[in-house]
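Here is the structure we will look at, set down as structure tokens.
Order of the sequence lines fixes the chain letters, A, B, ..., with proteins taken first and strands second; residue numbering starts at 1 for each chain.
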Amino acid sequence: MYGKGLRALSIATLATMATALALVFFYAPIEAEQGFLQKIFYVHVPLAIVSLCGFVLGGLLAIVHLRTRDPRWDIRSYVAIHMSLIFGLATLITGSIWAKGSWGHWWVWDEPTLVSFLIVFLLYVTYQPLRFAIEDPERQGRYASVFAVTAGAFVPLNFIAVRMSTAFVHPRVLGSTSNLPGPMALTFLVSLLAMALLYATLCKYELTAKHTRAQLRALRRRLTGEARDGRAAARSAAPSAVPAATRATGAPRPAGHTARAG
Amino acid sequence: MSAATGTPAPPALEPARQAPQGPRLLATVGALLRKELLVELRRLESVPAMTLFALSTFVVFHFALNRGSVEGDLAAGVLWVTLLFAAILGVNRLFVADADQGGFDAFLLAPVERTALLLAKALTLLAYLVALELIAVPAFSILLLGPPLGPALPGLLATLALADIGVAVIGTLVAALAVRTSARDLLGPPLGPALPGLLATLALADIGVAVIGTLVAALAVRTSARDLLGPLLALPLFVPIVIGAARCTEPLLVLGHRGDPPARWLATLGVYDLIFGLIAYALFDFLLED
């Protein structure tokens, strides 16, 4: 069910990524002030935008999870946040490189976007420890969703607060597409699209992997009974897809199991 | 959200839902709040720890900054960092007794609105914060704040008298006690203009800390790493409060009192309180389900 369209999506991502990189290196003009270094803008800013949107998306999916109690939405929310964390780490690293190159420091406190991103990142880093610290899978999902909704609402609020607090020391020429010259804006938009596609593809891969693993586990359990399944009960920060998988396949539980359970 | 919070209620709650909600809710909150404060009064656990922590932090700041006195933005920063870190101690302990000794189960068995627990706990934390500020803010003015205390003494006594009247008014106004003493020491004779600003700032920031702290405490308390997770979750969420509160306090703590806290920062604090109040209201029920 999750694997469908994965190949097409992967190919589309690869093609867009290649186009974006080609545009970045051969089409977009060299920026007058920063020179070649400015090219990192086409990686860093899309990473940041996609990562933040992913955090908010995780919160929206968590709302659906809390309303429907369907563990599949919890998995989607988990994957969205998990992937956003990875993108967020990449954002911080590329941002640091850019800051070192253009301002001479690895970190600057008077750039509000940088600071608020760090705060959001520090908040979301606690997501997985929070999950890991709750053993009961149902409660783990519920608490994680409460966290995801709170943190998802926090993302825009935090950005507003931090931006308000900082004087605009650096001219924000690269902050938005509105004042970019045409070729740069086009390159930026293609890069953003490529990054969003990459995010979607990686999320889909993770969901497919989780789903497949759960199906495999369910099948193995049917084959060998509950005895060998000790590993599945190990505590984990990642939600397991078992309930969704059994529902999706619609397979009745083996007679031996129900007899033992009763 | 209200539909989602309404549906999971077990059937046993239905008769209670028929009754008028307002007075019942208030009565429940009152009973819970009374219980919380009684327990704290008997055990004297959170508030003394918070206060001692704040005092030690002032000492640490003295040596870390290598200064005998601070003023202006530095004073605002030191004060708010200390108050928030002390608040974290209270946040950490807020639900521990309920989780360990069956308070949650007992509450869930009672046919009352679950929101009552959120309200009662937030009010409890608010009370802790006010108690903390009653001691920490005067101590701050004595230990670290610029102007000498001697000539301010008559004013301090007058402030305490004023504050006594304040206690009689309403709970939130109690924050004025802490605020007034500090404002007195700080600003010298013209006390009037700074008072409403400091009061409003402390009240708004306290509400935000109380709401977020309660939510985070409930989130972390039944995990196996609650002492670690609480602060990690709370601190980033407190950052906008620190920004707002420090920006509001800064003009009040300058030697020659520079005017009221900026209105837009007060508004920011208020909006932040409101949004997270609503979020906590919408989500708190989900934390109590088992």
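Residues meeting the side-chain hydrogen bond (donor to acceptor under 3.5 Å, both in side chains) test with A:Glu206, sequence neighbours left out: A:His82.
Contacts with chain B (heavy atom to heavy atom, under 4.5 Å) involve these residues of residues 145-155 of chain A, listed by number: A:Val146, A:Phe147, A:Val149, A:Thr150, A:Ala153, A:Phe154.
Contacts of B:Leu229 with chain A are made by side-chain atoms alone, with heavy-atom separations under 4.5 Å and no backbone atom involved. When heavy atoms are compared at a cutoff of 4.5 Å, B:Ile243 approaches chain A solely by way of its side chain, counted from C-beta outward. Heavy atoms of B:Leu235 lying under 4.5 Å from chain A are absent altogether. When heavy atoms are compared at a cutoff of 4.5 Å, A:Leu157 approaches chain B solely by way of its side chain, counted from C-beta outward. Neither the backbone nor the side chain of B:Phe284 comes within contact range of chain A; no heavy atom of the residue lies under 4.5 Å from a heavy atom of that chain. B:Leu215 touches chain A through its side chain: at least one heavy atom from C-beta onward sits under 4.5 Å away, while N, CA, C and O do not. In this structure, chain A has a heavy atom under 4.5 Å from the backbone of B:Ala218, while its side chain stays farther away. Using a 4.5 Å cut-off between heavy atoms, B:Leu237 contacts chain A through both its backbone and its side chain.
Nearest approach of B:Leu233 to A:Leu130, heavy atoms of both residues: CD1-CD1, 4.4 Å.
Put simply, the residue from A:Leu123, A:Ile119, A:Leu118, A:Val120 that forms a side-chain contact (heavy atoms from CB on, under 4.5 Å) with B:Val239 is A:Ile119.
With rounding to the nearest 0.5 Å, the separation of CZ in A:Arg139 from CZ in B:Phe286 is 15.5 Å. Here the CZ atom belonging to A:Arg142 is positioned 12.0 Å from the CG atom belonging to B:Leu283, to the nearest 0.5 angstrom.
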